[in-house]
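Below is one structure, written out as structure tokens, with a few remarks after it.
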2 protein chains.
Amino acid sequence: MTPTGHEVLAGVLRIRANRLQALLWQRAKPPHPNRWSLPGGRLGPDETVEYSIRRQLAEKVDVRELTHVEQLSVFSSPDRIPGSRTVATAFLGLIPSDTDPELPDDTCWHPVDSLPETAFDHEGILLAARERLRAKLSYTNIGFALAPPKFTVSELRDIYSAALGYRVSATNLQRVLSRRGALEATGQTVAAGPSGGRPPALFRFTSRDLQITDAFAVLRPPG
Amino acid sequence: MTPTGHEVLAGVLRIRANRLQALLWQRAKPPHPNRWSLPGGRLGPDETVEYSIRRQLAEKVDVRELTHVEQLSVFSSPDRIPGSRTVATAFLGLIPSDTDPELPDDTCWHPVDSLPETAFDHEGILLAARERLRAKLSYTNIGFALAPPKFTVSELRDIYSAALGYRVSATNLQRVLSRRGALEATGQTVAAGPSGGRPPALFRFTSRDLQITDAFAVLRPPG
DNA sequence: ACACGTTTTCGATTGTAAGACGAAAACCCT
DNA sequence: AGGGTTTTCGTCTTACAATCGAAAACGTGT
């Protein structure tokens with residue numbers, strides 16, 4: 001019996017041109033030549049899966065541009081990789097919308113809602129990554145990982161709309177995030193657009209660490 | 001270099017006597033003799049991690065008594081098992097409070113808030129399992145996995161209180177779960193207790209599958 | 001210069017859900 | 001029959017999100 005190998009894979013997402021995009025590289029050699037693959041690789045002997053995925057992503061994009069990385073799930077179907085037993089630990093990675101990392105020649109961004117032919121079970125992993133992102137946008141401050149350091153409320157609305165897949169209200173977005181303490185004004189403004197309008201104010205996220213907004217009734221200790 | 005092995009482990013929880021308990025077995029042989037270990041074992045060559053953990057739990061408890069199993073996280077510290085590189089996929093397993101599975105001689109239940117000396121990183125895995133359970137109690141119907149098929153609101157309150165670690169209000173618990181459509185009345189009642197009181201009504205969970213109650217503002221599509 | 005359209009920002013109103021409280025119902029015991 | 005106990009149901013208050021609309025601040029065209 002072949003030994004069971006372990007690989008780490010990441011669905012790396014960003015917003016660009018009001019679309020949610022994923023990082024993929026095109027395979028040259030078999031198996032699955034020409035199809036598109038998630039970044040990642042074999043788990044090294046002396047590293048955790050978290051360290052491994054960050055190390056291997058550094059070959060594709062600058063590590064400092066990754067604003068968030070979290071474990072998604074284990075994919076372990078025996079036949080997910082033909083010919084070799086390989087278990088994969090999948091991750092979600094996020095990159096701000098204003099950074100444009102240099103990419104290897106075989107690597108580029110693809111809109112998640114119109115993916116090319118993907119290798120193995122990588123499409124399922126990507127969809128799981130998108131679902132996790134969408135869920136966390138609603139009950140955490142994870143938007144900081146997609147947004148630039150400073151932004152207008154309209155820009156943030158476009159980012160949230162693209163990630164969630166439906167239009168959100170700028171008014172409510174600001175009020176909700178402000179009430180949660182996730183957003184704060186910088187005091188600065190930028191020039192109005194070509195069609196005029198009031199010059200928008202610049203905001204930033206209060207924290208760049210993931211924080212969960214506790215939400216529900218039953219879970220709150222009495223007080 | 002030794003090949004990297006893969007094991008599956010489960011924090012199996014239940015409520016008994018108003019306490020949250022975990023299933024542990026006592027190791028006989030090294031490493032870590034006499035310390036207490038989570039159920040699980042090596043991943044087989046032709047099974048997914050989900051199948052593997054269910055197969056291996058069947059050796060400890062009847063599979064049909066497991067009302068819920070879900071993936072928790074991967075634990076992959078290189079030195080988590082001395083002498084051999086072993087990656088673990090950890091699971092959360094739940095058992096209703098009314099079932100009492102037959103256990104092997106080396107296996108028994110321990111309150112999670114006063115654990116014995118555990119082996120390897122198993123205490124951390126158990127605490128992660130408890131956190132996952134506590135979080136999901138608040139925004140899903142996962143209580144069905146801890147409760148018997150029919151129960152009074154007071155019994156359900158005791159289950160939730162023990163799992164969450166603080167007293168919850170029976171009134172609010174019933175209203176919250178009812179409004180979410182998770183709870184329904186059976187129409188039956190049971191006799192009042194020895195000290196009198198109105199005979200409580202029996203309820204049941206509407207569904208025995210995990211359902212998430214969508215909650216927050218930003219995530220709701222307009223309409 | 002002035003009116004008009006545009007975009008942002010802020011406040012007020014409405015609606016929904018949860019926490020707290022208390023009254024009524026239904027039982028036991030003495 | 002009356003008092004104590006537990007459950008159940010309703011009401012009140014609070015918190016937060018969604019909607020609406022007005023005001024602020026700008027550019028453009030006449």
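No experiment lies behind these values; they were computed from the predicted model shown. Lettering of chains follows the sequences in order, A, B, ..., and the numbering in each one begins at 1.
Contact check, B:Q174 against D:dC9: a side-chain N or O comes under 4.0 Å of OP1 or OP2. A sub-4.0 Å separation between OP1 or OP2 of D:dT7 and a side-chain N or O of B:S154 is present.
Of the candidates C:dT9, D:dA18, C:dT8, C:dT9 carries the atom nearest the A:V153 side chain, counting heavy atoms from C-beta on. For A:R179, counting side-chain heavy atoms from C-beta on, the closest listed nucleotide (D:dA17, C:dA17, D:dA18) is D:dA17. The side chain of B:T171 approaches C:dC21 more closely than any other nucleotide in the set C:dC21, C:dA18, D:dC20. Residue B:R175 has its side chain nearest to C:dA18 when only D:dA18, C:dT9, C:dA18 are considered.
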Scoring nucleotides 22-30 of chain D by protein non-hydrogen atoms under 4.0 Å (B base, S sugar-phosphate only, - none) yields --BBBSS--
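Applying the side-chain contact (heavy atoms from CB on, under 4.5 Å) rule to A:E47 yields the partners A:L43, A:Y51, A:S52, A:R55; only residues at least two apart in sequence or on another chain are considered.
Between the side chains of B:E7 and B:T86, not a single donor N or O lies within less than 3.5 Å of an accepting N or O.
Ion pairing of A:R16 with A:D100 is present here, as a side-chain N (NZ or NE/NH1/NH2) and a carboxylate O approach within less than 4.0 Å. Taking a cutoff of 4.0 Å between a charged side-chain nitrogen and a carboxylate oxygen, A:E65 and A:R14 do not qualify as a salt bridge.
Following rounding to the nearest Å, B:Q188 (CD) and D:dT7 (C1') show an atom-to-atom distance of 17 Å. Between the P atom of D:dT13 and the CG atom of B:N172 lies a distance of 16 Å, rounded to the nearest Å. Between the CG atom of B:L183 and the P atom of C:dA18 there is a distance of 13 Å, given to the nearest Å.
No contact: A:A170 has no heavy atom under 4.0 Å from any strand. Nucleic acid contact class of A:A191 (heavy atoms, under 4.0 Å, all strands): none.
Between A:F205 and A:F151, a ring centre-to-centre spacing shorter than 6.0 Å is recorded.
In this structure a side-chain-to-backbone donor-acceptor pair under 3.5 Å is missing from A:R167 to A:R157.
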